[in-house]
Asker: 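Mind having a look at this structure? Questions to follow.
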Amino acid sequence: MRKTFNNELNKMHVRFAEMGMMTHEAIFRSVKAFVDHDKELSREVIARDQAINECENELEKMTLEVIALYQPVTADLRDVITILKASSDIERIGDHAVSICHATIKMKGSQRIAAVEVEIAKMGDYTCSMVEQVLDAYVNRDLEAAYKLAKEDRFLDQELKKIRSLCMKVMQQEPDAVFSGSYYISIATYLERIGDYVTNVCEWIVFLQLGEIVELNPSARNEL
């Protein structure tokens, strides 16, 4: 029984890792599509999102079946619950990658604001790095990395404020920039939300290791 349970748990971990890699790629490619003004790449990211959704559905089914069949307790139950909850957060990250791509497509041909695009590119690179790091922290069950990453989410909060302020200033001075400015704010908001989901996964790493439900970086979430 124990061997069978461990085999099923390992299958879930492998599937979660695959889902994480697909999601990280989606974020990377969505940011690249925005920076390069690439509509075709945006469409590819949107099309591939279905695979991420299917992974989440599969993991949900697997975790519920394991709970029903093996009735795990203590650390084993935390392991299963963490996969269930963290996979939902990872799927939402993929959804935001899709939203960035939709915005990129709609912006095609509109007036561009170079200073804002530089800030969004920087924010996008930082977000990609956070997603990669949280997946590594999950695999390695690295509490220290989880706590550190949650604090780093503040950078995205500050970048969103900066981009909002810059866009509003330009839009007030140049009415033709209102359309693109509104999309810049949306894209920056999607990136900031990804940081929030990274923080959620960090919280599940803490739960997995310590059995404690915590809220990391709560003050930053309430500042916006």
Asker: Measure the shortest side-chain to side-chain distance between Phe207 and Lys85 over non-hydrogen atoms and say whether it is less than 4.5 angstrom.
Answerer: no
Asker: What's the separation between atom OG1 in Thr82 and atom CE in Met12, rounded to the nearest 0.5 Å?
Answerer: 10.5 Å
Asker: Is any side-chain heavy atom of Val206 closer than 4.5 Å to a side-chain heavy atom of Leu143?
Answerer: yes
Asker: Look up atom NE2 in His96 and atom OG1 in Thr23, then write down how far apart they are to the nearest 0.5 Å.
Answerer: 12.0 Å
Asker: Going by the angle between their ring planes, with limits at 30° and 60°, are Tyr183 and Phe179 parallel, tilted or perpendicular?
Answerer: perpendicular
Asker: Answer yes or no: is there a side-chain heavy-atom contact under 4.5 Å between Leu191 and Glu159?
Answerer: no
Asker: For Ala150 and Cys202, work out which heavy atoms get closest and say how close.
Answerer: N-SG, 4.1 Å
Asker: To the nearest 0.5 Å, tell me how far Glu58 CD sits from Asn53 CG.
Answerer: 13.0 Å
Asker: Is the backbone of Ala177 close enough, under 3.5 Å, to the side chain of Ser180 for a donor and an acceptor to pair up by distance?
Answerer: yes
Asker: So do the side chains of Glu56 and Ile90 get within less than 4.5 Å of each other, counting heavy atoms only?
Answerer: no
Asker: Could you walk me through whether Glu152 and Lys148 pass the salt bridge (charged side-chain N to carboxylate O under 4.0 Å, His left out) test, one step at a time?
Answerer: CA-CA 6 Å; Glu152 289 180 3; Lys148 180 175 179 290; 2.4 Å; yes
Asker: Same hydrophobic cluster for Leu166 and Met168, using side-chain heavy-atom links shorter than 4.5 Å among ILVMFWY?
Answerer: no
Asker: Can you tell me how far CZ of Arg15 sits from CG of Leu59, rounded to the nearest 0.5 angstrom?
Answerer: 7.0 Å
Asker: Count the heavy atoms belonging to other residues, nucleotides or ligands that lie under 6.0 Å from NZ of Lys169, then report whether that count exceeds 12.
Answerer: no
Asker: Considering non-hydrogen atoms only, spot the tightest contact between His13 and Arg141 and give its length.
Answerer: NE2-NH2, 3.7 Å
Asker: May I ask you to decide if Gly195's main-chain N or O and Thr199's side chain share a donor-acceptor pair within less than 3.5 Å?
Answerer: yes
Asker: In terms of hydrophobic clustering (I, L, V, M, F, W, Y; side-chain heavy atoms under 4.5 Å; direct or indirect links), are Leu160 and Val118 co-clustered?
Answerer: no
Asker: Would Met171 and Ile185 count as a side chain to side chain contact (heavy atoms under 4.5 Å, CB included) if you check the C-alpha gap in whole Å, the side-chain angles of each, and the deciding distance to 0.1 Å?
Answerer: CA-CA 11 Å; Met171 286 189 289; Ile185 292 172; 4.0 Å; yes
Asker: Would you name the heavy atoms of Ala103 and Ile187 that are closest together and state the gap between them?
Answerer: CB-CG1, 3.7 Å
Asker: Give a yes or no on whether Met19 and Val80 share a hydrophobic cluster (residues Ile, Leu, Val, Met, Phe, Trp, Tyr; joining criterion: side-chain heavy atoms under 4.5 Å apart).
Answerer: yes
Asker: Step by step, work out the salt bridge (charged side-chain N to carboxylate O under 4.0 Å, His left out) result for Arg29 and Asp38.
Answerer: CA-CA 10 Å; Arg29 288 163 66 86; Asp38 190 335; over 6 Å; no
Asker: Taking 4.0 angstrom as the limit, do Asp125 and Lys122 come out as a salt bridge?
Answerer: no
Asker: Flag the pair Glu117 / Ile120 as yes when at least one side-chain heavy-atom distance between them is below 4.5 Å, and no otherwise.
Answerer: no
Asker: Mind checking whether Tyr126 and Phe28 sit in one hydrophobic cluster, side chains of I, L, V, M, F, W, Y counted as touching below 4.5 Å?
Answerer: no
Asker: Using side chain to side chain contact (heavy atoms under 4.5 Å, CB included), reason through Glu91 and Asp95 one step at a time and then give a plain yes or no.
Answerer: CA-CA 6 Å; Glu91 189 274 335; Asp95 286 345; 3.0 Å; yes
Asker: Can you give me the closest heavy-atom contact between Met21 and Leu135, atom names plus distance?
Answerer: N-CD1, 4.4 Å
Asker: Taking Asp196 first and then Arg92, would you say they form a salt bridge - that is, a charged N and a carboxylate O separated by under 4.0 Å?
Answerer: no
Asker: Measure across Ser30 and Val45 and return the closest heavy-atom pair with its distance rounded to 0.1 Å.
Answerer: N-CG2, 4.1 Å
Asker: Any idea how Phe16 and Tyr138 line up, ring-wise: parallel (<30°), tilted (30 to 60°), or perpendicular (>60°)?
Answerer: tilted
Asker: So Arg154 and Asp157, salt bridge (charged side-chain N to carboxylate O under 4.0 Å, His left out) or not? Walk me through it.
Answerer: CA-CA 5 Å; Arg154 286 180 175 273; Asp157 300 333; 5.9 Å; no
Asker: Please work out whether the ring planes of Tyr70 and Phe5 are parallel, tilted or perpendicular, with thresholds of 30° and 60°.
Answerer: perpendicular
Asker: Nearest 0.5 Å please: distance from the CG atom of Leu84 over to the CH2 atom of Trp204.
Answerer: 8.5 Å
Asker: Would you please test Thr127 and Val31 for side chain to side chain contact (heavy atoms under 4.5 Å, CB included) and show each step?
Answerer: CA-CA 9 Å; Thr127 304; Val31 171; 6.0 Å; no
Asker: With a 4.5 Å cut-off on side-chain heavy atoms, are Arg112 and Met107 touching?
Answerer: yes
Asker: For Ile205 and Val134, which heavy atoms make the closest approach, and how far apart are they?
Answerer: CD1-O, 4.1 Å
Asker: Do the non-hydrogen side-chain atoms of Glu192 and Ile163 ever get within less than 4.5 Å of each other?
Answerer: no
Asker: With side chain to side chain contact (heavy atoms under 4.5 Å, CB included) as the test, would you mind laying out the steps for Val198 and Asp153 before giving the verdict?
Answerer: CA-CA 8 Å; Val198 167; Asp153 181 44; over 6 Å; no
Asker: Rounded at 0.5 Å granularity, tell me how far CG in Leu41 sits from CZ in Phe34.
Answerer: 13.5 Å
Asker: Using the rule that Ile, Leu, Val, Met, Phe, Trp and Tyr join whenever any side-chain heavy atoms are under 4.5 Å apart, tell me whether Val35 and Ile46 fall into a single cluster.
Answerer: no
Asker: Does any part of the side chain of Ile52, heavy atoms only, come nearer than 4.5 Å to the side chain of Ile93, both counted from C-beta?
Answerer: no
Asker: Any side-chain to backbone donor/acceptor pair from Tyr184 onto Ile113? Under 3.5 Å, distance only.
Answerer: yes
